[in-house]
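Heads up: the structure comes next, in structure tokens.
Letters A, B, ... mirror the listed sequences (proteins, then strands); counts begin at 1. What you see below is based on every heavy atom in this structure, not just the backbone, and it leaves out hydrogens, waters and symmetry mates. Note that the structure is predicted; figures quoted are calculated from it, not measured.
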Amino acid sequence: MPRLVVSHLGRDGISAIGTEGKLWWMRPISIGAWSSSEIFAMALPSGVRGIRRRPSWATYNQGGSSRTYGVGGFTSNILVDEHFRCLKQGIPAPVVVPSVAAAAGPGRTGDAIFYWRFVDTLGGRIGPLSAPSTTVAMANQSSLATSLPTTCPDSSVDAIQQLCSMDGALPRVEWTRQLGATSVTSDVATSALGEAAPDDFTEMPSGIMNAIGLNDVQIVAGNQQYPERAFLSSLGEPEHYEGVYVQTEGEAITGIFTHDKSVFLGSKKRIYVFTGFAGTDIQRDVAKPDIGLLGFHGIRNCHGKVIVPTTQGIYMYTGLWNFLMDDRQSEWAREYATYRAQYEAAGSLFDPIRNVYKFGPVPHSEFDAVYVYWVLDLEKLIPELEATDFRRPAWRNDVRARLDMTSTVWELPSSGLPEVVTGSNDGYLRKDNVAADLDDDADAYVKTLIIEPATLAPDQGGSLTDGNTWHKLWNYLVQPPLQDWAIEIRAGTENCRSAQDPVWEDATVGVVAEPDAEIESVVYSVLEGVAGTCLNMAIIAPSPLDDFRWRGWGGTYGLGVRRLGGLVAGPGG
Amino acid sequence: MAKHPQQRGPLTPRFERRHGHDQFPPPGGVNTESDAASIQPHQFRRLVNVDIRGNDVKPRGGQDKLHDAPIHHADAEIHPWGFDIGTPMKVWWSGAGCAGESSITGVHIANFDTEQEPQLQRVAWYVTTNSPPVPVTTVAVAKFSGEIYVTVNDGLRRFNLTAVPWGTENLVISGSGQDVELCSFPGFKCNAMHAFDGQLFLVLESLANPTTQSKIVAWDGITLRDDLTGLNTPVAIGLWRDQLVVGFAAAANHIRLREAGASPGTWATVAPGAGTIGCIPGRNSIVSYKDKLYVGDPDGTLWSYDGTTLAVANTPAGITILGSICAAFGYLFYGYTAGASGARLGRYDGTTWVDLHKDFTTLTQVSGSTQVPGMALYRSRLVAGIVHPTQQARLALSIGDDTASLTWAIVSNTGDLAGVLQNFVVM
């Protein structure tokens, strides 16, 4: 698996207005780093420039050719082929009318109409036919083509073909010549004409999202002129557009995904499902009539299930729609309303190493000046993984100060070892899931770990005035704490966690373990008389060591007078 | 205040929320839907930058840079993508000896693929053929019907390639035992072969009477048939305008062309109007470029044929050995030796011949290199086999289409490559 990288340099980084876009490739290596000299620029096709947005890619392997089709990050739809060429999707047709006359025989007999088309012989790609020639009456004569085009705007084109329709039959290949020939005489017999031309086609309309689905069809959507349409390529020919499209009821398409043989198109209002092969065979149904699809890049296929961010929360489509955000729906709605644009443009990742789905990066009102990922634990979710809590998906967050652009999974050829890599806005690719890294490569948030369990609210006494005095608590760590970490305690009402400042806090200094020393892994804290009906604890560990493992907590308290929180005089427990 | 972990009075209730202990469930997820005091005890109000493994909450892994300097710019936005390549694509060649084994004994076949590790892999080393043992002196390589074919002396073989584990060299796990012999042609050796018109054509040199009894044969996957016999020594093969082209030793002074679909034995003969044409043996001397056929002559001449006239197109100044020619990036490249030594690359754009396009001796790792006997366009890079008089041969790869650049990648990571590298074929 070669690694492709799109880089966009916006006006912040260059003096000119606009975006400078480049494409790079690097060969797979197992672990470790590339020298910059091993990162190779891949020339964009002539006339194609970068657009400062996340590109969409769809890979299609068939018949010995391996191609990945990119839209959205460039001014034209592109592809990268097995020869590591970056090409514009769709070869243009010759713009001239073929100049062909009957010449000396022997040759063919009948009414002939001639066409020319360009060919990329290295990639086995053909362009559409030119306009037809005038009809040439041939009487056992050869054909003489003159004024052949010797150049093509598409640099991948290296040959030109002449096709001939005899007496109204399909045009068939008569000859192939490398570009450079200006005239060709051909005496190919009618019965010896070659392959017939496919139906008329053009290049795929431009878009910002694509997918391969509906049985080997490239689906492109996000066209500015026709935002409600998804354009379908010819079967098995992802570059060829024959005029087939499907559409919503008028809303702009916000995302595409495939599941089994179906293709789903989402708009801000609803989600549609399409099945079939092509043309009139395609059937449209409404899959979710009142729920809109948030954005294309947030959709991710995980374990054969599709995680779908919507305007109301995140769903998992398994053939049935499963809502995954019972525990955080209000938070999602609030954050989406606050940061609409960022949520609609957010990306996603299926991280097979952590076995999580990540949505982001997005701002979050509970975190200042950092970027948040919504992280869904798939291990607890997917039935095939013997999920323990399928009906209550487990969410958490990753937080980083650096703005990431796109994450993806790279694998080695002939190996299943996955590596998660993330590109950021500082020109770097970084490998994720590095256990030994403490601070996300010097990120300003220093990978700070926060564990805030459910607030403790014990049964009360017999009176509204009853409360608790919190004497001690302890945290169960699997290993001795070798690093500095902090505990913050808030006490008071059930909403005590919202207090600005903790009523008690303690920074625990990491222990430098001596060899074979027995160090207690249960860390005790004496709370110095913290009082309140409820108790909230948060553990905060900046730059945490990988061996910091928390397994739970416990404590003791005494019944007392109800207080709204704070310290109370008196001995501990 | 001193801590008294076990101190506990009679009116001090105790709470325990130890995951996985005493039926307390494993850690759940974040729940912000209800207030923090009413969510389930195993859930959390905040879980940031953690992973859950069993009953443990632990820090998630961090990030490390993958390269030593920014890509594009320090403010560039980076979007990676993994591109799964289905069918492998490699550049293959043959060479004398075998790297790490012998510089002269036998013939080896190797390939280069950016999608394998090591990139450069020895695939087979042929030292002797059996019954009776005969030293291997000639191999040819071709792709036919989607598979790799080789000839070893007088035998046609097909590789049964299997996927090689990452980090392992093909030769280490298979040696020359991964091929199957399909047929033999006693009394001949194969100088080159090429798939064409649904068959694999082999140009065979008679060992006894090379100038009168050599021949061209065709393999259709089942049967080997004579296509043209009684020939002077055929040495090279290529394609042009839907035709198969065979080049010969200078004594023949012609080339021959076979149309697709033509009856067996139907070949046109084209001789130059002036001069004597010979052809560099192998797969890298007959090239189609801008609708013309170019033939590399071992005497240093580049011939062209436009369908009418076969004539001298260029003779690089000071040339002593013409090694190989290749069409790439819209140009015709030719590797040659200037003077007594000095491996060079010339370039032709259809109008102008630039004989000194690239001097390989300026590359530090191959300074003193003398020959360029093989070339191919591989994955948007020009790949050249470079021969050195005192060191072993190496592979040079251009950085994209910038073939004039000072920077070419030099590869020889499995020990030094042996002997002359030639017959470059991409498949």
Side-chain angles (χ1 to χ4, degrees), chain A residues 1-2 4-9 13 27 33-34 36 57 61 64 66 68 84 177-178 180-181 327-328 331 394-397 405-406 408 410 412-415 421 423 425 427 429-431 433-435 437 440-441 449-450 452 454-455 457 494 497 524 526 534 544 549-550 552 554 556 558 573, chain B residues 1 3 5 8 11-12 14 16-19 28-33 35-37 39 41 43-49 55-59 61-87 89 114-115 163 166 290-291 379-380:
Chain A
M1 177 190 284
L4 299 181
V5 174
V6 174
S7 64
H8 290 151
L9 185 57
R27 70 175 298 260
W34 287 273
S36 296
W57 296 98
N61 284 318
S66 298
T68 190
F84 292 1
R177 290 286 185 277
Q178 282 183 313
D327 289 342
R328 300 184 83 172
E331 181 191 357
W395 288 94
R396 49 189 189 262
N397 294 103
M405 306 312 300
T406 298
T408 195
W410 282 349
L412 292 174
S414 68
S415 167
V421 291
N425 68 344
L429 282 167
R430 291 177 177 84
K431 181 179 178 179
N433 303 322
V434 179
D437 176 83
D440 275 343
D441 191 25
L449 169 149
I450 301 174
E452 183 186 339
T455 296
E494 292 194 345
R497 69 173 301 274
Y524 296 92
V526 177
C534 301
R549 288 180 179 242
W550 182 87
T556 61
Chain B
M1 179 177 288
K3 297 180 179 180
R8 188 178 170 204
L11 296 177
T12 51
R14 175 176 177 152
E16 285 284 359
R17 291 184 173 182
R18 187 178 182 184
H19 297 284
V30 170
N31 188 337
T32 58
E33 202 61 33
D35 69 81
I39 62 178
Q43 291 189 311
F44 297 82
R45 181 56 179 76
R46 284 186 294 170
L47 272 179
V48 175
N49 289 330
N55 293 314
D56 299 346
V57 179
K58 64 182 287 289
Q63 292 187 320
D64 263 355
K65 288 189 183 74
L66 278 171
H67 42 96
D68 51 4
I71 297 173
H72 191 172
H73 191 280
D75 291 324
E77 298 168 350
I78 302 298
H79 302 278
W81 171 248
F83 171 24
D84 290 311
I85 287 189
T87 307
M89 179 177 291
T114 54
E115 300 296 296
W166 185 264
K290 290 193 174 180
D291 200 44
R379 287 198 160 141
S380 300

For residues [X] and [Y], report the shortest heavy-atom separation together with the two atoms involved.
X	Y	value
A:D440	B:Q63	OD1-N, 3.4 Å
B:I78	A:L429	CG2-CD2, 3.7 Å
A:L449	B:K58	CD1-C, 4.1 Å
A:W410	B:P80	CZ2-CB, 3.7 Å

For a 4.5 angstrom cut-off between non-hydrogen side-chain atoms, does [X] reach [Y]?
X	Y	result
A:R328	B:V30	yes
A:L9	B:D75	yes
B:F44	A:I450	no

Exercise for the section: Examine whether an atom of B:P41 lies under 4.5 Å from a heavy atom of chain A, and if so say whether it belongs to the side chain, the backbone or both; otherwise answer neither. Expected result: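 The backbone, not the side chain.
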Handout entry: Region of B:N55 in contact with chain A, defined by heavy-atom distances below 4.5 Å
Key =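 For B:N55, backbone and side chain are both near chain A.
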Exercise for the section: Spell out, as yes or no, whether a donor-acceptor pair under 3.5 Å connects the side chain of A:T408 to the backbone of B:W81. Expected result: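 Not confirmed, A:T408 side chain does not pair with B:W81 backbone.
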Practice task
Would you check if the side chain of A:R27 reaches a backbone N or O of B:T114 as a donor-acceptor pair within less than 3.5 Å?
Solution key: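 Yes, A:R27 side chain to B:T114 backbone: donor-acceptor pair under 3.5 Å.
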Handout entry: Top of B:R45, B:H19, B:E16 for chain A proximity - count of heavy-atom pairs under 4.5 angstrom
Key =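 Of the options given, most contacts go to B:R45.
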Exercise for the section: Output the option from B:A74, B:G29, B:G62, B:P59 having the highest count of non-hydrogen pairs under 4.5 Å with chain A. Expected result: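 Most pairs with chain A among the choices: B:G62.
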Handout entry: Segment of A:R497 engaging chain B (4.5 angstrom heavy-atom cut-off)
Key =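 When you check distances to chain B, only side chain atoms of A:R497 fall under 4.5 Å.
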Handout entry: Passing candidate, side chain to side chain contact (heavy atoms under 4.5 Å, CB included) with A:H8, options B:H79, B:H72, B:H73
Key =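 Checked B:H79, B:H72, B:H73 against A:H8; only one passes side chain to side chain contact (heavy atoms under 4.5 Å, CB included): B:H79.
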Handout entry: CG-CD1 distance between A:N61 and B:I85, expressed to the nearest 0.5 angstrom
Key =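 Interatomic distance, A:N61 CG to B:I85 CD1, rounded to 0.5 Å: 8.0 Å.
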Practice task
State the CG-CD1 distance between A:D327 and B:I39, to the nearest 0.5 angstrom.
Solution key: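 It comes to 8.0 Å.
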Problem - Partner set under salt bridge (charged side-chain N to carboxylate O under 4.0 Å, His left out) for B:D64, not counting sequence neighbours - result: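 Scan of B:D64 (salt bridge (charged side-chain N to carboxylate O under 4.0 Å, His left out), adjacent residues dropped) gives none.
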